[in-house]
2 protein chains.
Amino acid sequence: MTQASDLDSLIRKLERRDVLSAAEREALISAAGSRESYPAGADLVREGDRTDRSILVTHGFTTRYRVLADGQRQITAIHLPGDFVDLHSFLLRKMDHSVGALSNVRVVTFPHANLRLITERHPHLTRMLWLTTLLDGAIHREWIVAMGRRSALEQMAHLICELFTRLNLVGLAEFDREVNLPITQTELGDTLGLSAVHVNRTLQQLRAEQLIVWQGQSVRVLDWGRLTSVAKFDPTYLHLEREPR
Amino acid sequence: MTQASDLDSLIRKLERRDVLSAAEREALISAAGSRESYPAGADLVREGDRTDRSILVTHGFTTRYRVLADGQRQITAIHLPGDFVDLHSFLLRKMDHSVGALSNVRVVTFPHANLRLITERHPHLTRMLWLTTLLDGAIHREWIVAMGRRSALEQMAHLICELFTRLNLVGLAEFDREVNLPITQTELGDTLGLSAVHVNRTLQQLRAEQLIVWQGQSVRVLDWGRLTSVAKFDPTYLHLEREPR
DNA sequence: CGAGGTCTTGAAGACGATCAACAAACGTGG
DNA sequence: CCACGTTTGTTGATCGTCTTCAAGACCTCG
């Protein structure tokens, strides 16, 4: 069964934005269903699926992606522990994208029936769950800005800044230490809308400018200040303030 | 004061996705606050604002946009009548983008206090409002796919297909008739992440291929089937099915 | 009628894609 | 523990899409 500690990242993420009552934490824990594991490369959900549950990542990394008719692939979101991969399926019902595992992942499922109960009994907790999907939307908008108006170098730097900040939030990154990012250059290309070759050259440029070290899955930011300035990274869109919501 | 008919587009948009009870329609109407008007070019909301209300467009077109330090601009959403421009400000609190009027617009405001009451008394209506922000997110994802993996021509065709479909939903477009789109080529460029010059050439190509006629603000699709196939437009992401949510 | 915004066109150049080949790292089974 | 096959990363050369710059036409509205 699900253990309370599985929800630590989620609760940490929520409590960064507002206070949760003990009753709300309880409600969240009792809404959780089964634990599951998926190997790297597996699909957790497929485009077109109609599921009766939403999935929370507890360990590992996943992506939302779509594959076009000609085989081209675009990743539209990267999920870290504490992120729901498809909370929107609770109301959208039919998946308009797939969800794949970047690394081996462990998840906890939330039956939609239980989520519905939360919306009927816990207005504030409902708003907090709603908030997590709004944060998704804010990140989507930032990616649109990056894809539309930033160079490959800026875009890459921006993604690294975002991932570090979000990982830090759930205790998985310190800004001056190396971090584990299980994502290949091909996947980075599918995320940023670039070719894998150009991703490679962009990373080399970031390395040449002494901004990062990226070897295998280990990434280290050498100069956070300069990286954020290259990226024009402003974390406002992550809404990190704790306030009544 | 707000008239019930101001909410027609919103209610039409919601009822396309699920049934609303009379009590829910009432609750929505009584949650509405003042009516306001803005001239084309005005800002309804500015990045950094903390507002105590959310805005619903009843007439006209608006955009969400961000301006980068170097003056570059990126539009991240286009709103039609029946769309909330910033329902997310109810929970995100601080705006991470601005909202501008593409045309003269009329709006109805919803004080956050009233929205909060809805979340406390009307679980299903709350889910429907939540749903509208999830639809925003789904559209964002589709734009990310378009920006990352589609050519300028495909991207432009896709945007036209999306706008026609969304306008049709609120009774403002027939697929074989001309439609009023108050958006300049510069603004199209800021939407698609292209230069205004390239937007111009892309539109000329769509015209040369007998797909559209676009003169001033009047747009007419000449061959919906071929346009959707050029755009690889699949409306799944707009979640047009009516079902329990 | 004039002025500012919008649209259009041409020329040159940059950024990133594509193609191709090879090196390095990884994992799997023998 | 090594051999081998596969995935991932790296490099060079060429190509194409889209950008930038610049100028002129058109249009709308005071």
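Chain A is the first sequence line, chain B the second, and so forth, proteins listed ahead of strands; every chain is numbered from 1. Quick caveat: nothing in here was measured; it's all calculated off a predicted structure.
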Can you tell me the distance, in whole Å, between the [atom1] atom of [X] and the [atom2] atom of [N]?
X        : N      : atom1 : atom2 : result
A:Leu153 : C:dG16 : CG    : P     : 9 Å
A:Gln217 : C:dA25 : CD    : C1'   : 12 Å
B:Met147 : D:dT17 : CE    : P     : 19 Å
B:Leu102 : C:dT6  : CG    : P     : 11 Å
B:Asp70  : D:dT19 : CG    : C1'   : 14 Å
B:His198 : C:dG13 : NE2   : C1'   : 15 Å
A:Leu181 : D:dT8  : CG    : C1'   : 16 Å
B:Leu194 : C:dT8  : CG    : C1'   : 17 Å

Q) Between B:Arg149 and A:Asp190, does at least one N-O distance fall below 4.0 Å, as a salt bridge requires? A)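 Answer for the salt bridge query: yes.
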
How about [X] and [Y]: do any of their side-chain heavy atoms sit closer than 4.5 Å?
X        : Y        : answer
B:Leu135 : A:Leu92  : yes
A:Gln210 : A:Asp223 : no
A:Leu80  : A:Phe61  : yes

Output the distance between atom [atom1] ([X]) and atom [atom2] ([Y]), rounded to the nearest 0.5 Å.
X        : Y       : atom1 : atom2 : answer
A:Phe110 : A:Leu10 : CZ    : CG    : 6.5 Å
B:Phe84  : B:Thr62 : CZ    : OG1   : 12.5 Å
A:Ile139 : A:His79 : CD1   : NE2   : 9.5 Å

Q.
Using a heavy-atom cut-off of 4.0 Å across all strands, would you classify A:Gly193 as base, sugar-phosphate, or nothing?
A.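 If one applies the 4.0 Å heavy-atom cut-off, A:Gly193 turns out to touch the sugar-phosphate alone, with no base involved.
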
Q.
How would you summarise protein contacts on nucleotides 24-30 of chain D per nucleotide, using B for base, S for sugar-phosphate only and - for none, with heavy-atom distances below 4.0 Å?
A. -------

Q: State whether A:Arg150 places a side-chain N or O below 4.0 Å from either non-bridging phosphate oxygen (OP1 or OP2) of C:dC15.
A: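 Checking A:Arg150 against C:dC15: no side-chain N or O falls below 4.0 Å of OP1 or OP2.
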
What's touching nucleotides 9-12 of chain C from the protein side, N or O pairs under 3.5 Å?
unit_1, atom_1, unit_2, atom_2, d
C:dT9, OP2, B:Gln204, OE1, 2.6
C:dT9, OP2, B:Gln204, NE2, 2.9
C:dG10, N7, B:Arg201, NH2, 2.4

Q | Contact nearer the 5' end of DNA chain D, comparing A:Arg149 with A:Thr184 | A |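 This one resolves to A:Thr184.
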
**Q.** Most 5' of A:Gly216 and A:Ala196 on DNA chain C, judged by nearest nucleotide
**A.**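 Between the two, 5'-proximity favours A:Ala196.
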
Q.
In terms of relative ring orientation, are B:His158 and B:Phe233 parallel, tilted or perpendicular, with 30° and 60° separating the classes?
A.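 Correct class here is perpendicular.
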
Q. Can you check side chain to side chain contact (heavy atoms under 4.5 Å, CB included) on A:Thr165 and A:Phe175, steps first, answer last?
A. CA-CA 8 Å; A:Thr165 304; A:Phe175 293 103; 4.2 Å; yes

Q) Which of these nucleotides, D:dG9, C:dT8, C:dA17, is closest to any side-chain atom of B:Gln185? A)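 Comparing D:dG9, C:dT8, C:dA17 against the side chain of B:Gln185, the answer is C:dT8.
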
